[in-house]
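In what follows, chains carry the letters A, B, and so on, assigned in the order in which the sequence lines appear, proteins first and then strands, with residues in each chain numbered from 1.
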Amino acid sequence: MSVNEMQNPLLQVKNLHKSFGKLDVLKGVNSDIYKGDVVAVIGPSGCGKSTFLRCLNFLEMPSAGEILFNDQLIYKNERVYLKRQMKELLALKKEQKFDEAAQAQYNEINERYTSLRKDEKALEKELLKGINTHRQKIGMVFQQFNLFPHLTVLKNITLAPVKLKKMTEEQANEKAMELLKKIGLEDKANVYPATLSGGQKQRIAIVRALAMEPEVMLFDEPTSALDPEMVGEVLKVMTELAKEGMTMIVVTHEMGFAKEVANRVIFMNDGVIKEENNPKDFFANPKDERLKDFLSKVL
Amino acid sequence: MFQDIIKILSSSEMVSYILEGFLHSILVTIFAALLGLFLGFVVAVVKIAPNNNKWMKVPKIVCDFYTTIFRGTPVALQLFIMVFAVFAIPGFKPYAAIITFGINSGAYVSESIRAGIMSVDQGQMEAGRAMGLTWLQTMIRIILPQAIKNIIPAIGNEMIALLKETSIIGWVGSTPGSLTFDLNAAASTIYRTIPNYLASGILVGCCYLLVVYAMVFFIKYIEKRLKRNER
Ligand SMILES: Nc1ncnc2c1ncn2[C@@H]1O[C@H](COP(=O)(O)OP(=O)(O)OP(=O)(O)O)[C@@H](O)[C@H]1O
Ligand SMILES: [Mg+2]
């Protein structure tokens, strides 16, 4: 057992589900993220990696499951399962099989449903109220950088910390310059994003998220939109960040990063985590058939 | 015809009609434009607000109804209904007309603003929200400043159309001295003394052209200023 696992997880995800209409994307994702973890998430296109990340900061609202952050329950929805069970029981009526036992079962579930509903609704309200505070603790880096083109690099970085009253303007500027210096882009503070290369943009997007001093950073394919020669500079910044102890969840196709920087690798497929291991065993002894197949294609 | 134009221009009474009409056309347009811009902005933001907010449900329906009605019926009809039915208050005629033009224009402006906002990459809203900014903060600080570049030319067009649209204000009756006495009304009044439609028409047309030219110049200037802080 590593040192990490002796403390409680920073982020606990239990049986997380997400559907878009009829399309079930996440079908029960379970994962505990500890402080200092660098988790690489890999998997075929469309398996729900982005959706998983976006559920963690509620850019997508999950459909069911449980999320705890710092041991605090922030999302919980189990009533949908009960609702489904009740529906199935009611369907028996059509087949004339709705007997006393079914009625009793139905009543029992219904009672649980009613009591759950109240608590969960209250929690949901709480979440919606606190959603922006929650997001401030979670940095996110996107595939397409999403820098604000109408603001200078410096303003891109300081906008949120100042607007959200985390820092004064001077503090934010100081912090931004410090971060920019670290990635060697302090001379770009006053230019607009349009003049930057892709690699520079993504490094600044990382810095922008860091300026909020988040507890965990989510990366959604941060190097996938870059020209090959720029991938390295972005990975270097991420590696530094990992060394400093930042908790990171990184959806990536960069197997080198997963092998060398991550301490855990997760393989997602069909909306669930199919395999999870330390990088060494993950790549040396994959067990899941689909993972073997996937690795043979990307390695 | 030139003789008639000279005749109009050398009569101080005729010239005063034109000047008064000129002033009133501009005033009516400005007030209607202000109302239209305000309404259009509010309606666009309501329409674009996320669907999951229950407080937005009724306003959204109201706004949809508003744009459907006011873009779906002729402005002349709206003018008659507003002046002679809704606001049938003595002495209120010019204001009812301004309100009508403003409300009508707002329906078009709201669609221009909405389209401008929609043209901003969705990733911008996500980036703002992901950092913990509220929807409104992101809208004001990140989305709107980018959308405005796409909105200004469309709104400029709408303002030019509005100026010419106000020329029907005289249809509800106009007398010199009232705001309803606009350039078009001036042309008809002049015709009664000097019966040459072409002469008064050309003069009044030149006045409209002059205003439109100034507006185009102004819009171009704003566009240029907005483009300046791009890089
Ligand atoms: N907002 C949405 N509405 C409807 N369907 C969606 C939405 N977002 C994602 N999906 C669908 O959910 C599935 C999973 O998408 P997701 O983006 O999570 O996959 P991914 O693993 O990140 O894939 P990729 O490697 O291509 O980024 C896809 O089939 C996608 O079409
Ligand atoms: Mg993705």
Side-chain angles (χ1 to χ4, degrees), chain A residues 50 53-54 56-61 124-125 128-153 155-166 190-196 204-205 208-214 217-220 225, chain B residues 41 44-45 48-57 59-60 112-155 221-231:
Chain A
S50 300
L53 281 197
R54 294 159 60 84
L56 297 181
N57 65 357
F58 301 98
L59 279 184
E60 301 291 358
M61 196 45 83
E124 237 161 66
K125 237 183 184 166
L128 286 181
K129 242 197 291 170
I131 201 164
N132 294 313
T133 329
H134 176 66
R135 285 174 177 155
Q136 289 177 32
K137 299 178 199 149
I138 301 183
M140 189 162 198
V141 175
F142 301 86
Q143 184 175 349
Q144 300 297 338
F145 330 130
N146 294 345
L147 290 182
F148 308 134
H150 62 299
L151 300 175
T152 62
V153 165
K155 276 269 180 222
N156 261 276
I157 300 170
T158 58
L159 175 73
V162 173
K163 192 83 201 157
L164 296 168
K165 307 219 162 46
K166 251 189 98 86
N190 294 311
V191 307
Y192 286 90
T195 61
L196 301 170
I204 284 163
R208 179 177 69 176
L210 288 176
M212 286 298 291
E213 300 177 333
M217 288 277 286
L218 311 176
F219 293 82
D220 193 357
Chain B
F41 183 78
V45 170
I48 241 147
N51 276 322
N52 53 22
N53 188 333
K54 65 178 177 203
W55 298 107
M56 277 295 169
K57 263 194 195 123
K60 268 174 192 286
S112 299
I113 294 179
R114 200 174 70 95
I117 292 173
M118 300 293 268
S119 72
V120 176
D121 178 20
Q122 243 195 332
Q124 296 286 310
M125 179 55 89
E126 288 189 349
R129 297 307 308 274
M131 290 192 295
L133 296 169
T134 64
W135 183 84
L136 198 63
Q137 283 171 332
T138 315
M139 188 44 86
I140 291 170
R141 299 298 298 263
I142 295 166
I143 308 297
L144 286 177
Q146 295 180 60
I148 199 102
K149 289 184 191 108
N150 304 325
I151 293 173
I152 289 294
I155 289 202
Y221 171 77
I222 294 181
E223 275 180 59
K224 233 193 217 153
R225 290 234 13 191
L226 286 172
K227 281 223 175 79
R228 217 169 45 186
N229 52 358
E230 198 63 333
R231 42 177 68 212

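- Annotation: side-chain hydrogen bond (donor to acceptor under 3.5 Å, both in side chains) contacts of Q136(A) (sequence neighbours excluded): none.
- Residue L133(B) comes nearest to N132(A) through the heavy atom pair O-OD1, 3.4 Å, listed as atom of the first residue, atom of the second, then distance.
- The structure places CD1 of I131(A) at 12.0 Å from OG1 of T134(B), a figure rounded to the nearest 0.5 Å.
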(message) Run M131(B) and K163(A) through side chain to side chain contact (heavy atoms under 4.5 Å, CB included) and show every step you take.
(response) CA-CA 11 Å; M131(B) 290 192 295; K163(A) 192 83 201 157; over 6 Å; no
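- F142(A) touches chain B through its side chain: at least one heavy atom from C-beta onward sits under 4.5 Å away, while N, CA, C and O do not.
- Taking each heavy atom of A130(B) and M140(A) in turn, the nearest pair found is CB-CB, 4.2 Å.
- For chain B, the option among H134(A), M212(A), M61(A), R208(A) with the highest count of heavy-atom pairs below 4.5 Å is R208(A).
- Rounding to the nearest 0.5 Å places CD of Q144(A) at 11.5 Å from CD of Q124(B).
- In this structure, the separation between CG on L144(B) and NE2 on H150(A) is 9.5 Å, given to the nearest 0.5 Å.
- Contacts between L128(A) and chain B at a heavy-atom distance below 4.5 Å are absent for every atom of the residue.
- Ranked by heavy-atom pairs under 4.5 Å with chain B, the first of N57(A), L147(A), V141(A) is L147(A).
- Atom NZ of K60(B) sits in a crowded spot, with more than 12 heavy atoms from other residues, nucleotides or ligands closer than 6.0 Å.
- For I138(A), the part lying near chain B is the backbone, with the side chain staying farther off; criterion is any non-hydrogen pair under 4.5 Å.
- Within a 6.0 Å sphere centred on CD of Q122(B), heavy atoms belonging to other residues, nucleotides or ligands number 12 at most.
- Heavy atoms closer than 4.5 Å to chain A are found in both the backbone and the side chain of E126(B).
- Counting all heavy atoms, side chain and backbone alike, F148(A) lies closest to A127(B) at CE2-CB, 3.9 Å.
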(request) Determine, stepwise, if the pair L151(A) / R141(B) fulfils side chain to side chain contact (heavy atoms under 4.5 Å, CB included). (result) CA-CA 10 Å; L151(A) 300 175; R141(B) 299 298 298 263; over 6 Å; no
